[in-house]
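Below is one structure, written out as structure tokens; the observations come after it.
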Amino acid sequence: QVQLVESGGGLVHPGGSQRLSCAASRNIFGITVFSIKDLGWYRQAPGNQRELVAAISPDGSTNYTDSVKGRFTISRDNAKTMVYLQMNNLKPEDTAVYYCNTVPYTDRSWGQGTQVTVSS
């Protein structure tokens, strides 16, 4: 199975920046997923549904939800089985637990997520 571990979250002031990392297990499953699958960052705030905020294809094409477009940048390193999310100009409404997964998601691959709190 693919195991995903998110890190890099924390408390940040409005307007600040944060970089999230997602590390996948370097077994045949992880390597295969990073070679052929779209990957994405999802987030979930209390009371809200989990939503996809950024996605990236194996060749580097990206898509973003409108609320983060121009502020967030997703990237991937297939050789290292890593996915990153650079978040700039953070807003309080960005506060959520952030997860990485395939796009569409695979239920068994959800990690614990990393908490991002944007507050003064």
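Below, all heavy atoms of this structure are taken into account, side chains as well, without hydrogens, waters or symmetry copies.
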* Asked: Which is it for Y64 and V53 under the side chain to side chain contact (heavy atoms under 4.5 Å, CB included) test, yes or no, and what are the steps along the way?
  -> CA-CA 6 Å; Y64 302 91; V53 298; over 6 Å; no
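By the rule that hydrophobic residues join a cluster once side-chain heavy atoms approach within less than 4.5 Å of another member, Y42 and L4 end up as members of separate clusters.
A donor-acceptor pair is defined here as one N or O able to donate and one able to accept, closer than 3.5 Å; no such pair exists between the side chain of N48 and the backbone of R50. Using a distance-only test at 3.5 Å, with no hydrogens or angles considered, a donor-acceptor pair links the side chain of S35 to the main chain of I31.
In terms of heavy-atom proximity, N78 sits nearest to R26 at O-NH1, 4.5 Å. A54 and L85 make their closest contact through CB-CD1, 4.0 Å (heavy atoms, listed as atom of the first residue, atom of the second, distance). Nearest heavy-atom pair across P58 and D38 is CD-OD1, 3.3 Å. For the pair F34 and D77, the tightest heavy-atom approach, listed with the atom from each and the gap, is CD2-O, 4.2 Å. The nearest pair of heavy atoms linking V103 to A55 is CG2-CB, 4.1 Å.
Taken to the nearest 0.5 Å, the CZ atom of R76 stands 8.5 Å off from the CG atom of D59.
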Give the table of side-chain donor-acceptor pairs shorter than 3.5 Å for residues 91-101, with sequence neighbours excluded, one pair per line with atom names and distance.
| residue | atom | partner | partner atom | Å |
| --- | --- | --- | --- | --- |
| D94 | OD1 | R43 | NH1 | 2.9 |
| D94 | OD1 | R71 | NH2 | 3.0 |
| D94 | OD2 | R71 | NH1 | 2.7 |
| D94 | OD2 | R71 | NH2 | 3.4 |
| D94 | OD2 | K91 | N | 2.8 |
| T95 | OG1 | P92 | O | 2.9 |
| T95 | OG1 | V118 | N | 2.9 |
| Y98 | OH | R43 | NH1 | 3.0 |
| Y98 | OH | D94 | O | 2.6 |
| N101 | OD1 | T106 | N | 3.2 |
| N101 | ND2 | T106 | O | 3.0 |

For residues 12-21, dump all side-chain donor-acceptor pairs below 3.5 Å to protein atoms at least two apart in sequence or in another chain.
| residue | atom | partner | partner atom | Å |
| --- | --- | --- | --- | --- |
| H13 | ND1 | S119 | O | 3.2 |
| S17 | OG | N88 | OD1 | 2.9 |
| Q18 | NE2 | G8 | O | 2.7 |

